[in-house]
Each structure stands twice: as C-alpha cells, then as structure tokens.
Amino acid sequence: MTIRFETKRASELTPEHREAWAHFLSASPKLSSPYFGLGFLDAVSTVRSDAEVAIQRRGGEIEAMIPFHRGFLGHARPLGGPLGDHQALISPPGTAVDLQALFGSSGISAFDFHGVLGVQPAFKRYGQIADGSWVVDLSAGYDAFIARQKKLGGNTFRTISKAPDKVMARVGEPVFRFDDTRPEALDALFAWKSDQYRASGHFDVFSVDWTRALLMRLLASEAEDCRAVLSSLEADGRIIAVHLGMIGPRALHYWFPAYDPELAKCAPGNALLMAICEHLANEGVGELHLGPGDFRYKAAMGSWQIPLRVGSVTRAAPTGLAIQAAQLIEQIAEAAPLGRFSRWPGKAFRRIDQIAGFRATC
C-alpha cells in the first residue's frame with residue numbers, strides 16, 4: 001500500500017486525526033502517560049504557536065502521528081520541549097515508520113529527543129536507552145503496594161512511608177486535598193519551586209511565560225486524557241506541601257513537587273506523595289509515573305521502569321550535520337581518559353539545548 005505523509009498544525013487537527021489519536025491511545029497500554037493525551041497537545045498548542053504533528057498514512061488510513069515543535073533551520077524538539085518527560089509515536093504497537101522520511105516530509109532535518117519510549121522500534125537506530133521512568137504500581141490497591149515495597153524498597157521506602165507520622169508529630173494532623181483549587185496553594189508551589197531552582201543552580205522553569213501559561217491551561221482543562229491537578233497538605237491552617245501533576249484515566253505523572261523548607265526534617269513532600277498514592281489506588285488509577293532521574297526515592301517507590309531513549313533523528317542537511325558533529329564531540333570526550341572533565345562537553349550541550357528549548361518562539 002502507498003505510504004503518504006502530511007503535517008498539520010496541532011491546533012488544526014481534524015476530527016479524523018483526533019479520533020485516530022484517541023483510538024491508538026486506547027489500544028496501547030504503553031501509551032498510558034498523560035503526556036500522550038490530546039489534552040496535553042491542545043494545552044501546549046494554545047500557548048505555543050510552533051506545535052505541529054507529522055502524520056503517516058498507509059492506503060489512506062492514518063497509522064502513526066508524532067507531535068513536535070518546529071524551531072529554526074529545520075531543528076525540531078518534542079512536544080512540551082524540556083517539560084516533556086515522555087515522548088512517543090502515537091500509533092498501534094509495532095507500526096513500521098521511517099522517521100527520516102516522516103520528518104523529512106515536514107522539512108525537519110533534526111529531531112532531538114530525550115525521553116522516547118524505549119519499546120518503540122522506530123527510534124532504536126537513532127539513540128540509546130539512557131534513563132528510565134519509575135512507575136509506582138497501584139493496580140492491586142494501596143495496602144498491596146505498601147506490603148510489596150516494604151519488601152523491595154528497603155530502608156529508603158520505610159523512611160518515606162513514615163513521613164506522615166513525622167508530620168503529625170511536628171505540626172499536627174494534616175489535611176489532604178487531592179484537587180486543591182485555592183490560589184494560595186498554587187502560589188506556594190511557584191514560590192518554593194523557584195527558590196529551589198535558584199538554590200540548586202538549575203534553570204527556573206517558571207521564569208518563562210509559556211510554561212506558567214501551560215500549567216494554568218492544564219489546570220483549567222476538563223480533558224479526560226490529560227489535565228493538571230494540584231494536590232496539597234495543610235496543617236494548622238498552613239500549607240506545608242504541594243504537588244502539580246498531570247492525570248489521565250490510567251496514570252498520574254508526578255511533575256512538580258514542593259514543600260515548606262522550614263519543615264524539611266519531617267519530610268512533608270514524602271507525606272504528600274504517600275497520600276497521593278493512597279488516593280489514586282482508591283480511585284482506580286493504577287499507575288503513578290515518577291519520571292526520569294536518578295533519585296533514591298524513585299527507586300524505592302517504583303515497581304518497575306519505563307525505558308527511555310535519548311538521541312536524534314537527523315538528515316544530511318546543515319542542522320542535522322551540526323547535531324551529528326556535537327554528538328561526535330560528546331562521544332569522543334566521554335571516551336577520553338579525562339575523569340570528570342570528559343563529561344563537560346555533553347553537559348554544556350545539554351544545558352544550551354535546555355535553555356534554547358525553554359526560550360523557543362511561542
């Protein structure tokens with residue numbers, strides 16, 4: 001059958017495209033992340049004008065789609081830019097896709113990705129498994145989760161699971177709100193998280209207008225496959241921990257946690273995490289995705305990992321060749337016997353790319 005490609009602005013998808021997208025999600029358990037929902041696509045496309053979707057048809061029927069941000073000189077990034085922890089082809093499992101041809105038909109010479117589902121074969125030749133996203137399996141209920149992790153998680157999980165008791169001993173019985181719509185809860189998140197970014201020397205995600213606008217759009221969304229939810233813990237009239245994540249029918253993505261630094265010793269953030277897990281289990285949401293990153297609490301809480309692939313789909317064009325050259329420099333440096341200095345080029349390139357992704361044209 002004839003393969004044909006097309007490209008649409010994300011905001012201009014037709015009912016045919018949207019119905020195919022929703023069908024592919026329902027047919028593939030691997031596409032359970034809220035990142036893959038049409039709700040996320042719609043929210044991003046309202047705050048960024050550079051969101052597009054590349055589409056593959058076979059015999060006239062849609063069989064694969066992938067969203068991206070079109071940048072300068074044919075350089076593209078995944079939907080949500082640096083905020084996009086998970087990326088994927090929206091397609092039935094095992095669909096054959098020539099990514100160079102698909103992106104080439106859109107005029108894209110380089111597509112950088114940093115969190116593509118490792119189980120999707122189309123990306124295998126373009127990158128390596130470099131990280132994983134821990135998944136908290138709540139499908140058997142909260143009590144079963146606790147019992148299992150006490151056996152698997154060791155001392156770290158036991159410490160996390162005792163956080164609610166520490167909070168109670170320090171500030172009294174906490175009040176948990178899973179869907180907290182109060183402005184002061186959101187203000188606390190922005191303030192604490194920005195302070196944390198500055199103290200750690202990381203780029204402040206909330207210093208960019210479109211990132212705040214995206215969160216506000218997701219909080220106002222009623223989409224079933226992806227909306228933001230702000231959860232909080234309060235004690236004695238004082239908000240002590242907050243978390244903003246994205247939720248769909250099958251999973252909640254753990255996104256932006258923050259807590260009152262004055263109460264760090266009693267771990268209010270961990271207490272809130274445990275409360276969120278219990279709520280999800282009771283509501284029949286089977287998975288909590290903790291995202292990538294080498295953190296002890298993620299390994300202790302997680303039941304298994306989603307393998308994530310990092311790399312680039314490039315073509316023989318100036319932008320694609322420049323990306324390939326940067327990757328070669330990074331590989332040579334990492335192979336050289338330079339100790340910690342061998343990682344500097346890679347860190348520098350990733351830092352530049354992250355900032356460029358946040359500062360991209362909206």
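Here the structure is a predicted model, which is why all the values come from computation and not from measurement.
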Task: R217 versus T46, side-chain donor and acceptor atoms under 3.5 Å - done: yes
Task: Audit row: D42, R18, salt bridge (Lys or Arg N to Asp or Glu O under 4.0 Å) steps and yes/no - done: CA-CA 11 Å; D42 292 340; R18 297 177 70 86; 2.8 Å; yes
Open item on the list: If I take atom CG from residue L102 and atom CD1 from residue I108, how far apart are they, to the nearest 0.5 angstrom?
Closed with: 10.0 Å
TODO: For S221 and A223, indicate whether the former's side chain and the latter's backbone hold a donor-acceptor pair under 3.5 Å.
DONE: yes
Sequence neighbours left out, cut at 3.5 Å: what donor-acceptor pairs do the side chains of residues 162-171 make with other protein atoms?
none

Open item on the list: Do I160 and Y297 make a side-chain contact, defined as non-hydrogen atoms from C-beta onward lying under 4.5 Å apart?
Closed with: yes
Open item on the list: If we ignore hydrogens and angles and just use 3.5 Å, is the side chain of S231 paired with the main-chain N or O of F178 as donor and acceptor?
Closed with: yes
Open item on the list: Between the side chains of R4 and E63, is the shortest nitrogen-to-carboxylate-oxygen separation below 4.0 Å, so that they form an ion pair?
Closed with: no
Task: Heavy-atom pair with the smallest gap, counting every atom of I90 and L31 - done: CA-CD1, 4.4 Å
Open item on the list: Under a 3.5 Å distance rule, please check whether T211 uses its side chain to pair with a backbone N or O of V205 as donor and acceptor.
Closed with: yes
Task: Worked verdict on R70 versus E52 for salt bridge (Lys or Arg N to Asp or Glu O under 4.0 Å) - done: CA-CA 7 Å; R70 183 185 296 273; E52 301 182 34; 2.7 Å; yes
- [ ] Sequence neighbours left out, what passes salt bridge (Lys or Arg N to Asp or Glu O under 4.0 Å) with R238? Give chain and number order.
- [x] D260, E262
TODO: Give a yes or no on whether the backbone of L89 and the side-chain of Q120 come within a donor-acceptor separation of less than 3.5 Å.
DONE: yes
- [ ] Measure the shortest side-chain to side-chain distance between K193 and V242 over non-hydrogen atoms and say whether it is less than 4.5 angstrom.
- [x] no
Open item on the list: Using the side-chain contact (heavy atoms from CB on, under 4.5 Å) definition, which of the options T314, D98, V313 pairs with F103?
Closed with: V313
- [ ] Verify, without hydrogens or angle tests, whether E287 (side chain) and L138 (backbone) share a donor-acceptor contact under 3.5 angstrom.
- [x] no
Would you mind writing out the side-chain donor-acceptor pairs for residues 267-285 within the sub-3.5 Å range, not counting sequence neighbours?
residue: N282; atom: ND2; partner: E278; partner atom: O; Å: 3.2

Open item on the list: side-chain contact (heavy atoms from CB on, under 4.5 Å) for H69 and L79? Distances and angles first, verdict last.
Closed with: CA-CA 6 Å; H69 292 292; L79 187 69; 4.1 Å; yes
Task: D112/H75 under side-chain hydrogen bond (donor to acceptor under 3.5 Å, both in side chains): CA gap, chis, key distance, verdict - done: CA-CA 8 Å; D112 290 337; H75 184 200; 2.7 Å; yes
Open item on the list: If I compare all heavy atoms of G39 with all of D225, which pair ends up nearest, and what's the gap?
Closed with: N-OD1, 3.0 Å
- [ ] Mind listing the closest non-hydrogen atom pair of S28 and P93 along with its distance?
- [x] OG-CG, 4.0 Å
Open item on the list: Looking only at side-chain N and O atoms, does R177 offer a donor or acceptor that is under 3.5 Å from a partner on S232?
Closed with: no
What donor-acceptor contacts under 3.5 angstrom involve side-chain atoms of residues 298-305, with partners at least two apart or in another chain?
residue: K298; atom: NZ; partner: L290; partner atom: O; Å: 2.9
residue: K298; atom: NZ; partner: G291; partner atom: O; Å: 3.4
residue: K298; atom: NZ; partner: P292; partner atom: O; Å: 2.7
residue: S303; atom: OG; partner: D137; partner atom: N; Å: 3.0
residue: S303; atom: OG; partner: R148; partner atom: NH2; Å: 3.2

- [ ] Would you give the length of the straight line joining atom CH2 of W210 to atom OG of S49, rounded to the nearest 0.5 angstrom?
- [x] 12.0 Å
Task: Over all atoms of both residues, closest heavy-atom pair of L25 and F36 - done: CD1-O, 3.4 Å
Task: H86 side chain near S133 side chain, heavy-atom distance below 4.5 Å - done: yes
Task: Evaluation steps, ring pair (Phe, Tyr, Trp, His ring centres under 6.0 Å), between F113 and F68 - done: CA-CA 10 Å; F113 54 88; F68 63 91; over 10 Å; no
TODO: Would you sort out whether T156 and R296 count as a side-chain hydrogen bond (donor to acceptor under 3.5 Å, both in side chains), showing the intermediate values?
DONE: CA-CA 7 Å; T156 300; R296 290 177 62 188; 3.1 Å; yes
Task: Heavy-atom check, side chain of L189 versus side chain of D187, under 4.5 Å - done: no
Task: Atom CZ of R198 with >12 non-hydrogen neighbours under 6.0 angstrom - done: yes
Open item on the list: Please confirm whether the ring centroid of H243 lies under 6.0 Å from the ring centroid of F256.
Closed with: no
Open item on the list: Measuring only between side-chain heavy atoms, which start at C-beta, is W21 closer than 4.5 Å to I62?
Closed with: no
Task: Side-chain donor or acceptor of T95 paired with backbone N/O of S91 under 3.5 Å - done: no
- [ ] Determine whether F123 and V310 fall in the same hydrophobic cluster, where Ile, Leu, Val, Met, Phe, Trp and Tyr are linked whenever their side-chain heavy atoms lie under 4.5 Å apart.
- [x] no
TODO: Apply the side chain to side chain donor-acceptor pair (under 3.5 Å) test between H17 and each candidate in E12, K8, E6; give the one that qualifies.
DONE: E6
Task: Interatomic spacing from CD1 in I55 to OG1 in T7 - rounded to 0.5 Å - done: 7.0 Å
TODO: Using the test side-chain contact (heavy atoms from CB on, under 4.5 Å), find all partners of I129 that sit at least two apart in sequence or belong to another chain.
DONE: P307, R309
Task: Nearest-0.5 Å distance that lies between atom CZ in F157 and atom OG in S161 - done: 5.0 Å
Task: Residue pair M246 / R227, side-chain heavy-atom distance below 4.5 Å - done: no
Task: Within one Ile-Leu-Val-Met-Phe-Trp-Tyr cluster: V175 and L263, side-chain cutoff 4.5 Å - done: no
Open item on the list: To the closest 0.5 Å, what do you measure between OG (S33) and CZ (F40)?
Closed with: 8.5 Å
- [ ] Might you point out which heavy atoms bring W255 and L83 nearest each other, and give the distance in Å?
- [x] NE1-O, 3.6 Å
- [ ] Begin from the C-alpha positions of Q196 and H202 and carry the test side-chain hydrogen bond (donor to acceptor under 3.5 Å, both in side chains) through to its verdict.
- [x] CA-CA 8 Å; Q196 180 185 338; H202 287 88; over 6 Å; no
Task: Sequence-distant partners of R250, side-chain contact (heavy atoms from CB on, under 4.5 Å), two or more places apart - done: P29, S32
Open item on the list: Less than 4.5 Å apart, side chain to side chain, heavy atoms only: is that true for W134 and F295?
Closed with: no
Task: Flag, side chain of E173 to backbone of D236, donor-acceptor distance under 3.5 Å - done: no
Task: Non-hydrogen atoms of E234 and I239 that approach each other most closely - done: CG-N, 4.0 Å
Task: Nearest-0.5 Å distance, CZ of residue R212 to CE of residue M216 - done: 9.5 Å
Task: Hydrophobic cluster membership, L233 vs Y259, 4.5 Å side-chain cutoff - done: no
- [ ] Flag the pair L244 / L219 as yes when at least one side-chain heavy-atom distance between them is below 4.5 Å, and no otherwise.
- [x] yes
Task: Centroid separation H253 to Y35 less than 6.0 Å - done: yes
Open item on the list: Using only atom types and a distance under 3.5 Å, with no angle test, would you say the side chain of S200 pairs donor to acceptor with the backbone of Y197?
Closed with: yes
